[in-house]
Amino acid sequence: MPINTELAWKQWQRYAWARDNGHTRYMEKADKCERFFAGDQWDARDRAVLEKVRRPVLTINKILSTVSNVLGEQINNRAEISFRPRSGAPSATADVLSKVFKQISDNNQLDWKRSDMFADGIIGSRGFLDVRLKFDDAARGEVEIQTLNGKNVIVDPDAEEYDPDKWGEVFTTKWATADDIAVLYSEKDAELLRNRDNSAFPYGYDSIQSARDRFGYSQFPMYEGDQDNSNVMRNVRIIERQYRVLDKQKFFLAPTTGDMRPVPEDFDRNKIAFFVERYGFQVVPKLTRRIKWTVIADSVVLHDDWSPYQHFTVVPYFPHFRHGNTLGLVENLLGPQELLNKVTSQELHVVNTTANSGYKVKAGALTNMTVEELEEKGAQTGLVIEVNGDPDKDVQKISPNQVPQGLDRISYKAEESIKTISGVSDSMQGMDRADVAAKAIQAKKQAGSTNLVKPLDNLTRTDFILARNILDIVQEFYTEERLMTITHDQATGESETFVVNQPNPEPETGEEESPYQEILNDLTLGEYDVVVTSVPRRETLEDSQFEQVMAMREAGIMIPDSVVVDSSRLMNKKDIIKQMQGDQTSPEAIAMKELQQRGQAAEVSKAEGEAAQKHADAQLKQAKTGETQAKTQEIVNGPQDDGGAQAKMAEVQVKAQATEHKMSIDERMAQQKMSLAEREHQLEREKLDAELQMKDRDLQQKRIDARVLAAQTAATAAAKPPADGQVANRSRLPTSKS
């Protein structure tokens, strides 16, 4: 775009307002936290004063180990994103969208970029990701996720919410070469900005500047001469502003549900009419806040148009957020870390002074050195001092001061303050004493993890915002047919390939013909909720699963061998499982499966027979008990004609029934034992037949292989040309005529 000084000045004024109202103060805090994390923890003036008087300047960097432990907690817990259908959306499409998100995550190495964003938030209190389309590999674009430096993102100073959808604007700045601008925007704009290190505009010092975080120094060296370095020097600062403005826009309105969706910009009248006629939508105008996107570099406007996205491309992460105030982990550790460094340096200084406390020397007493030389070499081992007079009186060593009591306690308290403020105890760092019980260590680790719940919960909130923005981009721009591949297991290489937005080759009959073909796995239709699940890292999860499986086996639970192998971390466990299971469709496998089923049926029959025998024994015992009760009643009540006869009749009937039942049970048991023996004999015979058949097949196959090998050998020998000697001998053989 041509130079537009008015628009560029307007954008820069708003940028300067946002920069000076909070962002500059944040940059000072973030820069100090970064320096302390890297070990640069002394003020330059204090260090110069101490080094001038040769005082020790120690740095005991406890922040690095503390933050590394927190970062390890995040790395060991990953987020799994899935989508849930809403308002009648198909569940199959929700599953496909989950796979599409996994494909985007794998392409962008989201796990590593997510860890970098978390580290930026923990150290500098603000971490950012940027989500937009890139057109390097696909003409319609693919989702690209990049990590942004928190110092290069200027948040709306009037914002007070975590979600960027509640912000009015956001600025992002980056540095580029003139060649980058030619590729991304325009060659004419690149020529205007080439070699413009010193701008004539009053805001040029900030739109064209060199101070930033990178591998090199904080300032660019000055290049002299006619050498053109515009293709390698990233000295042009690009300022992107995304902000919301009021605009009238057309919306699709569903009369039944009241849902409204904006009409895409590329929809013409015919396409709008088709959706109105096909789905019964209504087109209504509505005043809404749309996102405007303006990009400037110095006085050149590189881009100024409506944003193609529904959200800002910036996705934030704040470990602690309180109404616009962001707080990380390092900034509260700055004071204890400075105290630890100063007290430790002071302790060393006191110890050094006790070794060289100084001398009291009588004037003119030294003969082999001067007073200055004694001052310089007085602390050396084996020093010999020659005096002119009495050495005990003329040269006396000054008694050193005692080390102040409690000085070492101050450094101990400083270390404990770092642990208390960060919530990272010795147990979390694996530095507990050897006499501490394992259960106590585990309880301390659990308590320490509780202190990190809020930063990790805000990370889950960021994952939700990221997945929501990606979902809207996918439904807006992933409209053509695409072939995608995802990897389920990095160790085994198990992958899956699927197609989205595929036209249905066989449409259902009976439907009205339309100019738009039915689409399978249509990502553009439906509403979906984002579900964020925190799961352990893959390696840690597999170890935990394997330990649980082995513990269940030791407890007596019959876990199949294939499950045990699958829960391990073997590289080729899928192949091992296949070898264990074999070819399930082969005749041998089918025969073996039938044998196993028959064996299981025989075991069931045996168990049923044993149960029936136990039941018969119980009935016999019950009959004997009834007989005993009848005799006891007869003895107590005396002989009675009618009662005695009835008792005897009952006794006889009970005995007869018991005997008959026992005989039937014995007969059934004998039959079942005979049947079981016959089945076992038949199973053994079938198993032997199967083994003989397999051996016969192996023998036949070996014979066939031997014949094929012999035929190949003969053919090779026939095709090979004879040697000279063989030809000469063959010529001397007698013919049939001779």
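Being a predicted model, the structure only gives us computed values, none of them experimental. Because only heavy atoms are used, hydrogens play no part in the values below, and waters and symmetry mates are left out as well, while side chains stay in.
- Salt-bridge formation is detected for the pair R468/D163: a Lys NZ or Arg NE/NH1/NH2 atom is positioned less than 4.0 Å from an Asp or Glu carboxylate oxygen.
- How far OG1 of T313 is from CZ of R132: 4.5 Å, rounded to the nearest 0.5 Å.
- Using a 4.5 Å heavy-atom cutoff, the side chains of I123 and I63 are not in contact.
- In terms of the side chain to side chain contact (heavy atoms under 4.5 Å, CB included) criterion, residue partners of P336 (sequence neighbours excluded) are, by chain and number, S417, I418, I421.
- Classification of the Y26-H23 ring pair by plane angle, with boundaries at 30° and 60°, yields tilted.
- Ring geometry for F318 versus F128: interplanar angle over 60°, hence perpendicular rather than tilted (30 to 60°).
- Although no hydrogens or angles enter the test, the distance criterion places no donor-acceptor pair under 3.5 Å between the side chain of D156 and the main chain of W167.
- N152 places a side-chain heavy atom less than 4.5 Å from the side chain of W175.
- With no hydrogens or angles considered, no side-chain donor-acceptor pair links E73 and N69 at under 3.5 Å.
- Proximity of a side-chain donor or acceptor of S411 to a complementary backbone N or O of T344 within less than 3.5 Å is not detected.
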Output, in order, the C-alpha distance, side-chain angles, deciding distance and verdict of side-chain contact (heavy atoms from CB on, under 4.5 Å) for R45 and V49. CA-CA 6 Å; R45 292 171 296 181; V49 171; 5.6 Å; no
When you look at V70 and F118, which way does the side-chain contact (heavy atoms from CB on, under 4.5 Å) test go after all the steps? CA-CA 10 Å; V70 176; F118 182 79; 4.1 Å; yes
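- Contact detail for L334 and C33: the closest heavy-atom pair is CD1-SG, 4.3 Å.
- Rounding to the nearest 0.5 Å places CZ of R78 at 10.5 Å from CG of D463.
- Across R114 and A79, no two heavy atoms sit closer than the pair NH2-CB, 3.6 Å.
- Of the options I60, N61, L58, a side chain to side chain contact (heavy atoms under 4.5 Å, CB included) to N341 is made by I60 and by none of the others.
- Here the shortest heavy-atom pairing between I181 and A176 reads CG1-CB, 4.4 Å.
- Once rounded to the nearest 0.5 Å, the distance linking NZ of K62 with CG of L333 reads 12.5 Å.
- Between the side chain of Y317 and the backbone N or O of P455, at least one donor-acceptor pair lies under 3.5 Å.
- Within 6.0 Å of the NZ atom in K362, the count of heavy atoms belonging to other residues, nucleotides or ligands does not exceed 12.
- Taking 4.5 Å as the limit, some side-chain heavy atom of Y162 sits within range of a side-chain heavy atom of N458.
- Under the rule for a ring pair (Phe, Tyr, Trp, His ring centres under 6.0 Å), F101 has no partner lying at least two apart in sequence or in another chain.
- Of the possible polar contacts, none joining the T172 side chain to the V153 backbone as a donor-acceptor pair under 3.5 Å is found.
- Between T173 atom OG1 and I239 atom CD1 the span is 7.0 Å, to the nearest 0.5 Å.
- With contacts defined as side-chain heavy-atom distances shorter than 4.5 Å, the pair L110/L466 qualifies.
- Rounding to the nearest 0.5 Å places CD of Q346 at 5.5 Å from NE2 of H349.
- Side-chain contact between V532 and I81 is present, with heavy atoms from C-beta onward closer than 4.5 Å.
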Between E338 and K342, is a salt bridge (charged side-chain N to carboxylate O under 4.0 Å, His left out) present by the stated rule, with each step listed? CA-CA 6 Å; E338 285 183 328; K342 293 179 179 179; 5.3 Å; no
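- One side chain, T177 or D180, offers a donor N or O that lies under 3.5 Å from an acceptor on the other.
- One distance of note links CG of N368 with CG of L383; it measures 8.0 Å at 0.5 Å rounding.
- Around NZ of K413, the count of heavy atoms belonging to other residues, nucleotides or ligands within 6.0 Å does not exceed 12.
- Checked against side chain to side chain contact (heavy atoms under 4.5 Å, CB included), N108 has the following partners two or more places apart in sequence or in another chain: I104, K113, E144, I145.
- Within the 4.5 Å cutoff, the side chain of N469 has no heavy atoms near those of the F312 side chain.
- Heavy atoms only, all atoms of each residue included: V387 and V395 are closest at CG1-CG2, 3.3 Å.
- Looking at E240 and K174, their side chains come closer than 4.5 Å, going by heavy atoms from C-beta outward.
- Side-chain atoms of Q242 do not come within 3.5 Å of backbone N or O of W293 as any donor-acceptor pair.
- Scanning both residues, P319 and S125, for their nearest heavy atoms gives CD-O, 3.6 Å.
- N76 places a side-chain N or O within 3.5 Å of a backbone atom of G72 that can act as its donor or acceptor partner.
- A donor-acceptor pair is defined here as one N or O able to donate and one able to accept, closer than 3.5 Å; no such pair exists between the side chain of Q74 and the backbone of L456.
- Formation of a donor-acceptor pair under 3.5 Å by the Y243 side chain with backbone atoms of T294 is not found in this model.
- Put simply, the side chain of I238 reaches to within 4.5 Å of the side chain of Y185, judged on heavy atoms.
- Closest heavy-atom contact between N21 and P157: O-CB, 3.7 Å.
- Checking H311 against D165 by side-chain atom types alone, a donor-acceptor pair falls below 3.5 Å.
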Can T326 and K29 be said to form a side-chain contact (heavy atoms from CB on, under 4.5 Å), step by step? CA-CA 11 Å; T326 59; K29 178 188 72 173; 4.2 Å; yes
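- By the 4.0 Å N-to-carboxylate-O rule, D158 lies close enough to R14 to be salt-bridged with it.
- In this structure, R461 does not pair ionically with D457, as no charged nitrogen and carboxylate oxygen lie closer than 4.0 Å.
- Shown here is E160, whose CD atom has no more than 12 heavy atoms of other residues, nucleotides or ligands within 6.0 Å.
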